J.: 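Got a structure for you, written out below as structure tokens; questions coming shortly.
Worth saying up front: this structure is predicted, and the values here are computed from it rather than measured. Positions are given from 1 along the sequence. Values below: all heavy atoms of this structure, side chains included; hydrogens, waters and symmetry mates excluded.
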Amino acid sequence: MNPIWTIARKELRDGLRNRWLLAISLLFAVLAVGIAWFGAAASGQVGFTSIPATIASLASLATFLMPLIALLLAYDAIVGEDEGGTLLLLLTYPLGRGHILLGKFLGHGLILGLATLIGFGGAALAIGLLVDQVDIALLAWAFGRFMLSSLLLGLVFLALAYALSARVTEKSSAAGLALGVWFLFVLVFDLVLLALLVLGQGRFDPEWLPWLLLFNPADLYRLINLSGFDAVGSGMGVMSLGSELPLGNTLLWLALVAWAGAALALAGRSFARRQV
């Protein structure tokens, strides 16, 4: 049997045993249905508004949740095995470190993918069945695109979690660094970029600022989902820079894929250098 698939099955079974798949699926389903029907409650409207508005709201929320879930799922993937003594045992088998890393990546990716499909897919099914005169083709395209980009964002942070887990010697250190990575990409990066946007007016050429969005996978994810409905130009704050970025939607997808590949390569290098 393929060693990568063997490791992946083990990680998937562990995720099912720990109720990760159930918890994530329920969370996604509740949030998606809640936003679809109550997302416009602040403006005095209750009920489904539109597919673009629902996807934009879900993407904004998933920007916070998907990286955090991926980091929590995988922060102890390497160091946890080492502390438990199972990593040394695994390496005595005819398994390379690349097999272990790719197997874990595939297993955790399956958990995220299934949870995304069940949670958000269930919400899309509910919208299709309960909302009158909804465009089924647009609904399927929008949610399919949204779920695929959400999974890709999760894979980026899974790989980053492996890189952290391979570099530290204690699970507590890995957990702290994982939270630090989450704060950096989800909160701090945009605050710094917004400060440059506001304070740098008249001091330097702002044409290079939109390119900084490429250095944050969370911003790439939001641009992908907003640009699908030609909504980038109306974005608030840092997202308003997206209208000045001379890249098509395909290149944004490729940039997010490149992030996942680079993060996984970094994880592989860190794991290869780890002393067991």
J.: Answer with yes or no whether the side chains of Asn216 and Arg222 bring together a donor and an acceptor at under 3.5 Å.
T.: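 No, no side-chain donor-acceptor pair sits under 3.5 Å.
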J.: Please determine, by modelled atom types, if Ser149 and Asn225 share a side-chain donor-acceptor pair under 3.5 angstrom.
T.: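 Yes - a donor-acceptor pair under 3.5 Å links their side chains.
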J.: So that I know where these two stand, are Trp259 and Phe157 an aromatic pair - ring centroids less than 6.0 Å apart?
T.: no
J.: Examine distances only and state if a side-chain atom of Asn18 and a backbone atom of Asp14 form a donor-acceptor pair shorter than 3.5 Å.
T.: yes
J.: Are a donor atom and an acceptor atom from the side chains of Tyr221 and Ser150 found within less than 3.5 Å of each other?
T.: yes
J.: Does any non-hydrogen side-chain atom of Leu155 lie less than 4.5 Å from one of Phe105?
T.: yes
J.: For Arg167, I'd like to know if atom CZ has over 12 heavy atoms of other residues, nucleotides or ligands within 6.0 Å.
T.: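 Atom CZ in Arg167 is not packed in, count stays at 12 or less.
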J.: I'd like to know if the side chain of Ser165 and the backbone of Ala161 have a donor-acceptor N/O pair within less than 3.5 Å.
T.: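 The answer is no, because no donor-acceptor pair under 3.5 Å joins these two groups.
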J.: Write down the atom of Glu11, the atom of His108, and the distance for their closest heavy-atom approach.
T.: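 Answer, listing the atom of Glu11 first, then His108: OE1-NE2, 3.2 Å.
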J.: For Leu138, does its backbone N or O pair with a side-chain atom of Asp135 as donor and acceptor, under 3.5 Å?
T.: yes
J.: Ion pair present between Glu81 and Arg274, side-chain N to carboxylate O less than 4.0 angstrom?
T.: no
J.: Under the rule for ring-ring contact (aromatic ring centres under 6.0 Å, His included), what residues qualify as partners of Phe28, not counting sequence neighbours?
T.: Phe120
